[in-house]
Amino acid sequence: MNLVKIFSILTIALIFTAGCNSLPPLPSEEDVGPANISLDNLQKRMKQATDPKGTFRNASSYLMKQRLITNVDGEKDLYVIITRFQKPNKLSITKLENGSLVNGQIINNKRAWMIDYQEKKVSPVEGKVLKSFLLLFDIGNPSMTLSEIFKNIKLQSCRLGDKRFYKLTCSTDDKDIPPISIYVGESNFLVKRITFTRKADGMQYISSIDQYNLYEGVMVSKKMTVRMNNVMQSYETTTYKLNPKLNTEDFIPPKFEKP
């Protein structure tokens, strides 16, 4: 399922911060009703729209670079995000500022770590956070489909503003993981919006795809906006490569020298 650019684990890691709801609202869903398409057929149409030749699904690795602008209460910062994926189970996401490493996340098999390069600290990811990391890894895995990831998917039709969308409400049996809503355009079968509400405090996460571009035969989000509490993040894809040769070290936590 080609959703890795939407569910950046770096973005999800940031939702564990707190804040107040101060951003302007987006169009809410209206005219909710039954969908005129089956789930299997919808997933086939989504695959055809984003990956018509199976290039992404059959890729053994990929490299994506994004420009990230964060806006917290009007104060903006600029970063570069580098995402690396290697089949079957390796993912690395690194955040840089002015060319210097800031932080990152690594998944290797069923283990995960968060790295603070400035403090030279590596923290294993465990418990509920690890469950979320591994779920998001599956969503970003080219070989997986939503039906393979989520046990329960409710399919409906709705309107956001003046456009119609299919709404997929996806959930697992794990009570710690909230349901995730995915809105897919009825006319183009591309993902437009993804939302979920954190159970701990009711914070809402909203990711919106503002523009798609074709990279190596794969339809990828060129511009994306993420909203969470008083934080707004604007992503712009600058590089997207399939099957690059990646280094083994990219997926191994660094060993910092003790002072």
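The first residue in the sequence is number 1, and the count goes up from there.
- Under the 4.5 Å side-chain contact rule for hydrophobic residues, Leu155 and Met46 share a cluster.
- Counting heavy atoms from C-beta on, the side chains of Tyr166 and Ile37 come closer than 4.5 Å.
- The shortest side-chain heavy-atom distance between Met64 and Gln66 falls under the 4.5 Å cut-off.
- In this structure, CD1 on Ile81 lies 10.5 Å from OG1 on Thr238, to the nearest 0.5 angstrom.
- We find the CG-CD distance between Asn213 and Glu236 to be 9.0 Å, quoted to the nearest 0.5 Å.
- The hydrophobic cluster containing Ile180 does not contain Tyr183, counting ILVMFWY residues as joined when their side-chain heavy atoms lie under 4.5 angstrom apart, directly or transitively.
- At distances below 3.5 Å, at least one donor-acceptor pair connects side-chain atoms of Arg159 with backbone N or O atoms of Gly161.
- When every heavy atom of Pro179 is checked against every heavy atom of Phe196, the shortest pair comes out as O-CB, 3.3 Å.
- Between the side chains of Glu186 and Ser157, at least one donor N or O lies within less than 3.5 Å of an accepting N or O.
- Rounding to the nearest 0.5 angstrom, the gap separating the CG atom in Leu190 from the CD1 atom in Ile209 is 9.5 Å.
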Next item on the list: Output, in order, the C-alpha distance, side-chain angles, deciding distance and verdict of side chain to side chain contact (heavy atoms under 4.5 Å, CB included) for Thr83 and Leu91.
Entry: CA-CA 7 Å; Thr83 302; Leu91 181 71; 3.9 Å; yes
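- In this structure, the side chains of Lys76 and Thr70 stay at 4.5 Å or more apart for every pair of heavy atoms.
- Within 6.0 Å of atom NZ in Lys47, 12 or fewer heavy atoms from other residues, nucleotides or ligands are found, so the atom counts as exposed in its surroundings.
- Here the side chain of Ser221 pairs no donor or acceptor atom with the backbone of Lys223 at under 3.5 angstrom.
- Tracing side-chain contacts under 4.5 Å through hydrophobic residues (I, L, V, M, F, W, Y), one never reaches Trp113 starting from Leu135; they form parts of separate clusters.
- In terms of heavy atoms, Phe56 sits closest to Asp51 at N-OD1, 3.0 Å.
- By the 4.5 Å heavy-atom criterion applied to side chains, Ile106 and Arg111 are not counted as neighbours.
- Residue Gln43 holds its CD atom at 6.5 Å from CG of Asp40, rounded to the nearest 0.5 Å.
- The shortest heavy-atom contact between Lys87 and Arg57 is NZ-O, 3.2 Å.
- Looking at Asn98 and Tyr79, their side chains never bring a donor and an acceptor atom within 3.5 Å of each other.
- Connection of Val129 to Met228 is established within a shared hydrophobic cluster, with ILVMFWY side chains joined at heavy-atom distances below 4.5 Å, either directly or through further cluster members.
- Panel note: side chain Asp116, backbone Glu119; a donor-acceptor pair is recorded below 3.5 Å.
- Within the structure, salt bridge (Lys or Arg N to Asp or Glu O under 4.0 Å) pairs that include any residue of residues 147-157 comprise Lys151-Asp173 (at least two apart or interchain).
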Check: Given Asp31 and Arg164, is the side chain to side chain contact (heavy atoms under 4.5 Å, CB included) satisfied, shown in steps?
Finding: CA-CA 9 Å; Asp31 300 334; Arg164 300 291 309 182; 3.4 Å; yes
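- Contact check for Asp176 versus Lys131: side-chain heavy atoms found under the 4.5 Å cut-off.
- Residues Asp250 and Ser92 have side chains that never bring a donor and an acceptor to within less than 3.5 angstrom of each other.
- The cluster map of Ile, Leu, Val, Met, Phe, Trp and Tyr, joined by side-chain heavy atoms under 4.5 Å apart, puts Val80 and Ile115 in the same cluster.
- Side chains of Thr94 and Leu101 form a contact here, defined as non-hydrogen atoms less than 4.5 Å apart.
- Atom-to-atom distance recorded for Asn108:CG and Ile252:CD1 is 7.0 Å, nearest 0.5 angstrom.
- Remark: Lys65 NZ to Leu63 CG distance equals 6.0 Å, nearest 0.5 Å.
- The two residues Leu96 and Val102 make their nearest non-hydrogen contact at C-CG2, 4.0 Å.
- Aromatic ring pairs are classed by plane angle as parallel below 30°, tilted from 30° to 60° and perpendicular above 60°; the pair Phe256 and Tyr117 is perpendicular.
- Of all heavy-atom pairs spanning Ala112 and Phe133, the tightest one is CB-CD2, 3.9 Å.
- Side-chain contact check for Ile153 versus Thr169: every heavy-atom pair is 4.5 Å or farther apart.
- Ion pairing between a basic and an acidic side chain is recognised when a charged N comes within 4.0 Å of a carboxylate O; Lys167 and Glu29 show such pairing.
- In terms of modelled atom types and a separation under 3.5 Å, the side chain of Tyr212 and the main chain of Val191 share a donor-acceptor contact.
- Using bins of under 30°, 30° to 60° and over 60° for the plane-to-plane angle, the ring pair Phe85/Tyr62 lands in the parallel bin.
- Remark: the backbone N or O of Asn41 is paired with a side-chain donor or acceptor of Ser38 at under 3.5 angstrom.
- Scanning both residues, Asp210 and Met224, for their nearest heavy atoms gives OD2-C, 3.6 Å.
- Between the Ser61 side chain and the Pro244 main chain, a donor and an acceptor come within less than 3.5 Å of each other.
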Next item on the list: Would you sort out whether Thr197 and Thr195 count as a side chain to side chain contact (heavy atoms under 4.5 Å, CB included), showing the intermediate values?
Entry: CA-CA 7 Å; Thr197 301; Thr195 70; over 6 Å; no
Notebook entry, point to check: What's the verdict on side chain to side chain contact (heavy atoms under 4.5 Å, CB included) for Thr50 and Val218, showing C-alpha distance, side-chain angles and the deciding distance?
Noted result: CA-CA 6 Å; Thr50 59; Val218 180; 5.5 Å; no
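- Between Phe251 and Glu249 there is no side-chain heavy-atom pair separated by less than 4.5 Å.
- Side-chain contact annotation: Thr225 with Gln233, donor-acceptor N/O pair under 3.5 Å absent.
- When only modelled atom types and interatomic distance are considered, Ser60 and Asn243 share a side-chain donor-acceptor pair under 3.5 Å.
- Although no hydrogens or angles enter the test, the distance criterion places no donor-acceptor pair under 3.5 Å between the side chain of Asp77 and the main chain of Ile69.
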